[in-house]
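Accompanying notes for the structure given below.
Only heavy atoms go into these numbers, but all of them, side chains included; no hydrogens, no water, no symmetry mates. Residue numbering restarts at 1 for every chain, and letters A, B, ... go by the order of the sequence lines.
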Number of protein chains: 2
Amino acid sequence: MNLKELSQILGLSQTTVSRALNGYPEVGEATRKRVQEAAVLHHYRPSTRAKGLATGRAMAIGHVIPVSTRHEIVNPVFADFIAGAGETYAAKGYDMILSVVDDDREARTYRDIAAKRNVDGIIVHGPELNDPRVALLTELGLPFVVHGRASGVALPYSWLDVNNTRAFRRATDFLLDLGHRRIALVNGLEEMDFAARRRRGYEAALVARGVAPDPALMRSSEMTENYGHVAAAEMLRLPDPPTAFLTASMISALGVRRAIEDAGLKMGRDVSIVTHDDDLGYLRNGDGADPIFTATRSSVREAGRLAAAMLLELVVDPERTPRSRLMEATLVVGQSTGPAPQQAQAALSQRR
Amino acid sequence: MNLKELSQILGLSQTTVSRALNGYPEVGEATRKRVQEAAVLHHYRPSTRAKGLATGRAMAIGHVIPVSTRHEIVNPVFADFIAGAGETYAAKGYDMILSVVDDDREARTYRDIAAKRNVDGIIVHGPELNDPRVALLTELGLPFVVHGRASGVALPYSWLDVNNTRAFRRATDFLLDLGHRRIALVNGLEEMDFAARRRRGYEAALVARGVAPDPALMRSSEMTENYGHVAAAEMLRLPDPPTAFLTASMISALGVRRAIEDAGLKMGRDVSIVTHDDDLGYLRNGDGADPIFTATRSSVREAGRLAAAMLLELVVDPERTPRSRLMEATLVVGQSTGPAPQQAQAALSQRR
DNA sequence: CTTCATTGCCAAAGCGCTTTGGATATCCGC
DNA sequence: GCGGATATCCAAAGCGCTTTGGCAATGAAG
């Protein structure tokens with residue numbers, strides 16, 4: 001069923017039918033109603049391709065997911081982010097086009113996407129420090145929003161990010177307040193902008209309290225369960241082991257917890273953990289009041305919704321100046337943190 | 001840069017340029033080369049929309065991800081499956097269009113997709129028992145491949161699935177061989193076809209050995225960490241607790257392990273776990289030789305690659321009869337299983 | 001009873017590509 | 001030197017939609 005057929009059935013011109021369906025004022029209300037009913041009856045939906053050709057709008061947004069052996073495995077946060085973005089797109093009638101791309105061919109992919117003109121805008125995932133994609137996309141003139149930021153990039157661009165620095169600074173402060181001084185950072189890959197920022201927040205908090213950051217207590221890698229386990233196990237074997245861990249994701253936190261228990265210690269009593277929690281659907285940090293992990297929490301699904309909405313605004317009005325949005329993470333206290341053991345003992349001995 | 005401009009630059013007709021680029025024989029080799037070079041030089045890529053309109057092919061595949069409050073949260077396996085499928089699409093020049101859809105509007109969504117004609121085929125995710133989508137898509141005449149199967153559907157259709165029944169039967173047999181008799185099943189949602197099959201495999205193995213399945217040892221829910229924890233914790237408090245757990249995913253296995261340790265027991269010695277392992281990128285079951293969990297393993301990423309390839313064959317040749325592919329899971333032995341405690345004791349006493 | 005907006009509708013052009021159905025030029029054997 | 005392949009290239013139609021520019025008919029105003 002296409003426009004031509006539908007208009008023949010109705011005994012109207014294609015013009016009128018098209019206008020009736022698209023809400024233009026120059027068709028009579030009676031006719032409009034008749035047209036709309038016929039459209040529903042015959043399951044008429046305009047062809048995206050033809051509509052796109054005629055209007056110059058693709059009504060689709062592209063997401064380019066970098067994937068390589070080097071890093072950025074298929075990150076579980078993508079699933080939630082995309083689910084959030086998908087909600088926004090669905091509400092506004094946009095499609096979402098996903099490209100999983102080997103990241104050494106990423107530049108070419110963006111060029112191709114721009115030339116093929118099958119998306120109206122792009123969400124950039126996983127920005128790195130000095131990420132070249134910002135300049136590339138600006139040059140290509142394709143509207144885009146970065147999920148995260150690209151430190152070191154001078155050009156103005158639109159982004160939506162969590163305040164990672166502040167979140168990790170607060171988390172570190174929280175541990176310091178509990179008396180911890182040996183605080184380990186089990187970070188994500190520090191080429192990634194978000195991980196670099198988290199480290200900065202962590203270090204700033206330590207320095208502000210006069211605690212020297214110890215390179216032996218900092219790791220950076222892909223955020224897997226196994227990585228958390230290995231990293232924590234190694235650090236716990238140090239002569240002066242950490243009494244607290246700051247981890248970059250729930251998954252690596254699970255690994256850290258396992259290492260703590262393997263060492264015969266108890267999480268929350270002997271060793272504390274604060275993790276970042278993206279509030280993923282399938283990996284909830286406990287249900288409700290008493291979370292398993294003390295965490296800096298920020299919903300990545302909500303981030304997806306908002307980033308998509310920002311991008312659609314940009315698509316509708318390309319003259320608009322770049323927009324940005326900084327989401328704050330909330331620090332929720334769970335069962336994984338407690339006073340530093342030394343301090344607990346000191347408190348005990350004071351009472352005696 | 002479009003065809004018209006490019007052909008003007010070259011002093012050729014659009015026809016010739018189009019044919020040269022698409023490999024038709026009726027253009028001279030010299031001209032073809034000249035055209036190809038100019039295309040590269042000017043970054044020419046044909047507009048997907050226009051090409052699609054002219055050819056009637058969208059060069060895109062749709063993935064409809066059901067998402068609702070009821071069930072099927074944004075499942076982490078989607079990310080890996082889609083990454084695999086994306087590889088195939090990229091290699092063949094197809095785009096991937098994702099629709100996240102509230103599942104009470106799913107039928108409507110499929111109808112819309114068919115009417116909008118912006119995909120050449122669809123991958124169906126998360127089939128349930130008697131899934132109505134098979135009939136709907138068959139009626140719509142849209143090529144599709146189901147990831148999984150839909151028990152109870154009589155129509156022929158194309159699918160790719162893991163042999164879940166066999167995998168869980170083997171896993172159960174393995175535990176029975178180790179002397180376990182109280183074997184719990186921490187299953188996924190049993191409306192889902194894969195979960196129903198797993199249960200059947202589990203029950204069949206028990207019955208074949210004369211062990212009566214005990215409803216108190218079977219749970220079914222969304223496969224989260226928390227669910228695994230709660231379910232296992234409850235069962236371990238039973239008067240006659242299980243000595244082994246069969247879980248449906250790595251994530252719920254992590255929860256089960258936590259419950260075991262919370263109870264002061266040791267995994268692999270006091271209580272065994274066998275889990276299904278989708279071989280997800282960010283949740284590896286140990287690196288290399290000695291996996292954490294004994295598991296039935298099958299790569300969902302590979303499934304994505306294969307399902308996509310099957311669908312593309314179907315798209316190219318719609319007359320082709322439905323194809324299917326059953327992948328076998330391998331049973332890998334890790335640190336999470338050991339002989340049933342009673343039997344271990346019996347063995348010890350025999351030695352004395 | 002004209003005149004002139006206004007309302008309601010339509011024919012046709014155009015979006016960027018593929019493809020049909022020639023047209024022209026070249027080359028072959030006889 | 002001629003008919004007929006053969007090799008190259010082209011003009012124009014068509015894919016399904018939107019949108020420009022008109023055209024009748026209607027009703028209000030003069």
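For the pair L3(A)/S18(A), a side-chain contact is recorded, criterion being any heavy-atom separation below 4.5 Å from C-beta on. Using a 4.5 Å heavy-atom cutoff, the side chains of L136(B) and R111(B) are in contact.
The CG atom of L10(B) sits 11 Å away from the P atom of dC9(D) (whole-angstrom rounding). In this structure, L3(B) atom CG and dG14(C) atom P are separated by 18 Å, rounded to whole Å. Note: CZ (R117(A)) to C1' (dG16(C)) measures 8 Å, nearest angstrom. Put simply, CD on Q8(A) is 12 Å from P on dG16(D), counting in whole angstrom units. Distance, D120(A) CG to dC15(C) C1': 15 Å, rounded to whole Å. One can place CZ of R49(B) at 15 Å from P of dC17(D), the figure rounded to the nearest angstrom. Following rounding to the nearest Å, Y24(B) (OH) and dT20(C) (C1') show an atom-to-atom distance of 11 Å. dT19(C) atom P lies 13 Å from atom CG of L21(B), rounded to whole Å.
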Indicate for each nucleotide in nucleotides 4-13 of chain C, in 5' to 3' sequence, whether protein heavy atoms under 4.0 Å reach the base (B), only the sugar-phosphate (S), or nothing (-).
----BBBBB-

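R323(B) CZ: more than 12 foreign heavy atoms inside a 6.0 Å radius. Around CZ of R325(B), the count of heavy atoms belonging to other residues, nucleotides or ligands within 6.0 Å does not exceed 12.
For K51(B), counting side-chain heavy atoms from C-beta on, the closest listed nucleotide (dC17(D), dT18(C), dT19(D)) is dT18(C).
Using bins of under 30°, 30° to 60° and over 60° for the plane-to-plane angle, the ring pair H125(A)/H147(A) lands in the perpendicular bin. Taking the six-membered ring for Trp and thresholds of 30 and 60 degrees, Y89(B) and H63(B) have ring planes more than 60 degrees apart, a perpendicular arrangement.
Using a 4.0 Å heavy-atom distance criterion, S18(B) is classed as a base contact.
The only member of K92(B), E302(B), R301(B) that meets side-chain contact (heavy atoms from CB on, under 4.5 Å) when paired with E87(B) is R301(B).
Within the structure, every side-chain polar atom (N or O) of N2(A) is placed at least 4.0 Å from both OP1 and OP2 of dC15(D).
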